Amino acid sequence: ARCRHGAIVGLEPPRWASPECCGATMKRSAVLRPCTPPTRMLNVFTLANGRLFQEEIESLEALADVQPVWVDLENPSFDEKNWIQQRFGLGIPSDAVDDDLEESARFYEEDNGELHIRSDFLIDDDVTPRNVRVAFILWRHMLFSVHAEDLPVFRLLRLRARRIPSLIEDAKDVLLKLYDADAEYS
């Protein structure tokens, strides 16, 4: 079983992305302990000299000082969604990463120009290989990604974009390179 943050509950030894999680009971060496929510933070990426630079944003005030090319929301809280709404005027849909989507909801454009794309990305681990739904919104030259857990493909792109100059030039490049990395990873 998994908690809502992807932690695997009840395995010996347990495997989870973070020892702090969501209130589910985690079993570790035969000791049950509550899982508590992780620290909230937005991952915001800016471009400088053709490279992605990551900034961890912990408040609305910190978000006001950056002009990102990519905003990555991993399991976003209500407050984080509000920060996005206040800073960029973009509402993150509550059903952004729901599993039971109709085909027509996987790709659409809003009247204001927001382009919404929903895709599944593979996590191929030894315990439970699975797909994770990611919602992308391209808007005002920025990419917003929303997903429930950290993805290897995202980590791979961040690593490459820091090391390879001019790999990314804009938000569309981020999206295309994520799909490239997913095809390579899968």
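The structure presented is a predicted model; accordingly, all values stated were derived computationally and were not measured.
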What closest approach, in Å, do [X] and [Y] show between heavy atoms, and which atom pair accounts for it?
X    : Y    : result
E149 : V132 : OE2-CG2, 3.6 Å
D182 : D120 : OD2-O, 4.1 Å
V66  : R87  : O-NH2, 2.5 Å
L60  : Q86  : CD2-OE1, 2.7 Å
M142 : P68  : CG-O, 3.1 Å
L143 : L175 : CD2-N, 3.8 Å

With sequence neighbours excluded, what pairs up with Y179 under the ring-ring contact (aromatic ring centres under 6.0 Å, His included) test?
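Expected list: F121, F136.
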As an exercise, state the distance from [atom1] of [X] to [atom2] of [Y], rounded to the nearest 0.5 Å.
X    : Y    : atom1 : atom2 : answer
I137 : L115 : CD1   : CG    : 9.5 Å
F144 : H116 : CZ    : NE2   : 10.5 Å
N131 : S119 : CG    : OG    : 10.5 Å
L138 : D170 : CG    : CG    : 9.0 Å
L42  : E56  : CG    : CD    : 10.5 Å

Determine, using the 4.5 Å side-chain heavy-atom cutoff (strictly less than), whether [X] and [Y] are members of one ILVMFWY cluster.
X    : Y    : value
I164 : V153 : yes
I123 : L156 : no
V174 : F107 : yes

Give a yes or no answer on whether the side chain of R130 reaches the backbone of T128 with a donor-acceptor pair at less than 3.5 Å.
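The answer is yes, because a donor-acceptor pair under 3.5 Å joins these two groups.
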Side chain Q85, main chain G91, donor-acceptor under 3.5 Å:
yes
Can you pull the ring pair (Phe, Tyr, Trp, His ring centres under 6.0 Å) pairs that have at least one residue in residues 42-69, sequence neighbours excluded?
F45-W70
Just jot down the side chain to side chain contact (heavy atoms under 4.5 Å, CB included) partners of [X], sequence neighbours excluded, or say none.
X    : result
P129 : D124, D125
K81  : P76, I92
D180 : K177
D111 : none

Only counting residues at least two apart or in another chain, list the ones meeting side-chain hydrogen bond (donor to acceptor under 3.5 Å, both in side chains) with D173.
none
side-chain hydrogen bond (donor to acceptor under 3.5 Å, both in side chains) involving N112 - partner list, sequence neighbours excluded:
E114
Run the numbers on F154 and H147 for side chain to side chain contact (heavy atoms under 4.5 Å, CB included), then give the verdict.
CA-CA 11 Å; F154 283 47; H147 47 98; 3.7 Å; yes
From the options L73, I57, D65, select the one residue that forms a side-chain contact (heavy atoms from CB on, under 4.5 Å) with V44.
I57
Only one of L151, V146, L178 forms a side-chain contact (heavy atoms from CB on, under 4.5 Å) with V134, so which one is it?
L151
Is there side-chain contact between L157 and I168, with at least one heavy-atom pair below 4.5 Å?
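Of all side-chain heavy-atom pairs linking I168 with L157, at least one is under 4.5 Å.
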According to the side-chain hydrogen bond (donor to acceptor under 3.5 Å, both in side chains) rule, which pairs have a member within residues 151-169, sequence neighbours left out?
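Those involving residues 151-169 are D150-R155, R160-E184.
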